[in-house]
Protein chains: 2
Amino acid sequence: MAADLRRPERTFSIRQLCNEFKATPRALRFYEDKGLLTPAREGLNRVYSHKDRVRLQLILRGKRVGLSLSEIRELLDLYDENDDGAAQMARSLKKFRERASALEQQREDIDGALIELREACDRLEKRLAEIRPDLLPRSADYEQLLRARLDGHADMALGK
Amino acid sequence: MAADLRRPERTFSIRQLCNEFKATPRALRFYEDKGLLTPAREGLNRVYSHKDRVRLQLILRGKRVGLSLSEIRELLDLYDENDDGAAQMARSLKKFRERASALEQQREDIDGALIELREACDRLEKRLAEIRPDLLPRSADYEQLLRARLDGHADMALGK
DNA sequence: GTCAACGCTTACGTAAACGTCAACCTTGAC
DNA sequence: GTCAAGGTTGACGTTTACGTAAGCGTTGAC
């Protein structure tokens, strides 16, 4: 009567999925609360099917790429409501592309911040080198060290 | 008795600073609440000095590079408490460098997410092209279009 | 029989950085 | 007199993704 544990009929406990994907029970219940998962029940206990497991994987992937849970839910819903896989795929594709441009934008923002930070660092380093060179924290910028040595750019340390 | 409006003795109203830096009064009051600003008072009204203005600039710069308000406050406090500019600068420098590595890490995370997203997009595009090519949303990737035209890489569109 | 391990539900707490009222004062223009 | 403009102080609301109890039931080991 008992199904083979390795077959697709296999089910999972909340803990098993948590261990496998390094999530917490709280998180899975939260996803359920938000309508992202709807595991079966055995009495009170949640019983996750292979389909549920796949959904969880998709949820976690969505999170890794920075989608919000509600966005993930939209995508997931598409896969359920509709038999026509193509339309869903098209929408997912659109969503993914949008997310990709958002991420690219974020990267540019970060690059901007990095530029501003490096300018500030440079200014601080120069001033410190003038007045209290002993306080200069050892640079975290190995590249600069390397280049200075390889190219003999001693002037960099001299403030030219 | 009134000081020249262009001199360093000049003061600013909350609105003036808000307009200049595109912030909201609520924000400035919030910063004050958090101990980042301590403008003088004229009766109840806040009166911002040049020093306050500079602090605000530093706050906003800090935000642009992704520092939290509490981190910004730490840095700001250093500039006040201590007469010895060098030690503060050294600490700021350290903080900035830390932030820079954090940002670099973030960038790598984003790159990872982008890779995952692009793989997902590619898979979706291929499947869609097979089953419902008409549903393929026009690509958002202008570069690809441009390169394809300039280089005559028609094969890109052929899935070669 | 009782303790630990696991599960359940309900529900408040958290962090960040303000937004958004509400209710009130003051000053100048008309 | 009164209306608008701009200021003030609370203080609650928002968002996201859970963390963290509190209190209770079930099951297996010993």
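We name chains A, B, ... by the order of the sequence lines, and we start the count at 1 in each one.
One atom, CG of A:L67, and another, C1' of D:dA17, lie 15 Å apart when rounded to the nearest Å. Following rounding to the nearest Å, A:L44 (CG) and C:dT9 (P) show an atom-to-atom distance of 6 Å. Across the protein-nucleic acid pair, A:R29 atom CZ and D:dG19 atom P stand 11 Å apart, rounded to whole Å. For the pair B:L28 CG and D:dG7 P, the interatomic distance rounds to 10 Å; values are reported in whole Å. Summarising the geometry, the separation between CG on B:L36 and C1' on C:dA17 is reported as 11 Å, rounded to the nearest angstrom. A:L60 has its CG atom 13 Å from the P atom of D:dA17, to the nearest Å. The distance from atom CG of B:D33 to atom C1' of D:dG10 is 10 Å, rounded to the nearest whole Å. Atom P of nucleotide D:dA5 and atom CZ of B:R15 are separated by 11 Å, given to the nearest angstrom.
Of the candidates A:R55, A:R26, A:R41, A:R73, A:R41 is the only one forming a salt bridge (Lys or Arg N to Asp or Glu O under 4.0 Å) with A:E32.
Closest to the side chain of B:I14, out of D:dA17, D:dC18, D:dT8, is D:dT8. Among the nucleotides D:dA17, C:dC18, D:dT8, the one closest to the side chain of B:L69 is C:dC18. Side chain of A:R41, nearest nucleotide from D:dA17, C:dC18, C:dT9: C:dT9.
Considering only side-chain N and O atoms, B:Y31 lies nowhere under 4.0 angstrom from the phosphate OP1 or OP2 of C:dA17. Look at A:R26 and you won't find any side-chain N or O under 4.0 angstrom from OP1 or OP2 of D:dA17. In this model, the phosphate group of C:dC6 is not approached by any side-chain N or O of A:S13 to a distance below 4.0 Å at OP1 or OP2. Listed pair A:R46 / C:dC8 meets the phosphate criterion, a side-chain N or O lying under 4.0 Å from OP1 or OP2.
Between B:P25 and B:R15, the shortest heavy-atom contact is CG-NH2, 4.1 Å.
Within the nucleic acid shown, A:S70 has no heavy atom closer than 4.0 Å to any nucleic acid atom. Nucleic acid contact for A:K63: sugar-phosphate only, since backbone atoms but no base atoms lie under 4.0 Å from a heavy atom of the residue.
Using a distance-only test at 3.5 Å, with no hydrogens or angles considered, a donor-acceptor pair links the side chain of B:R99 to the main chain of B:G66. Proximity of a side-chain donor or acceptor of A:Q16 to a complementary backbone N or O of A:S13 within less than 3.5 Å is detected.
Other residues, nucleotides and ligands place more than 12 heavy atoms under 6.0 Å from the CD atom of A:E130.
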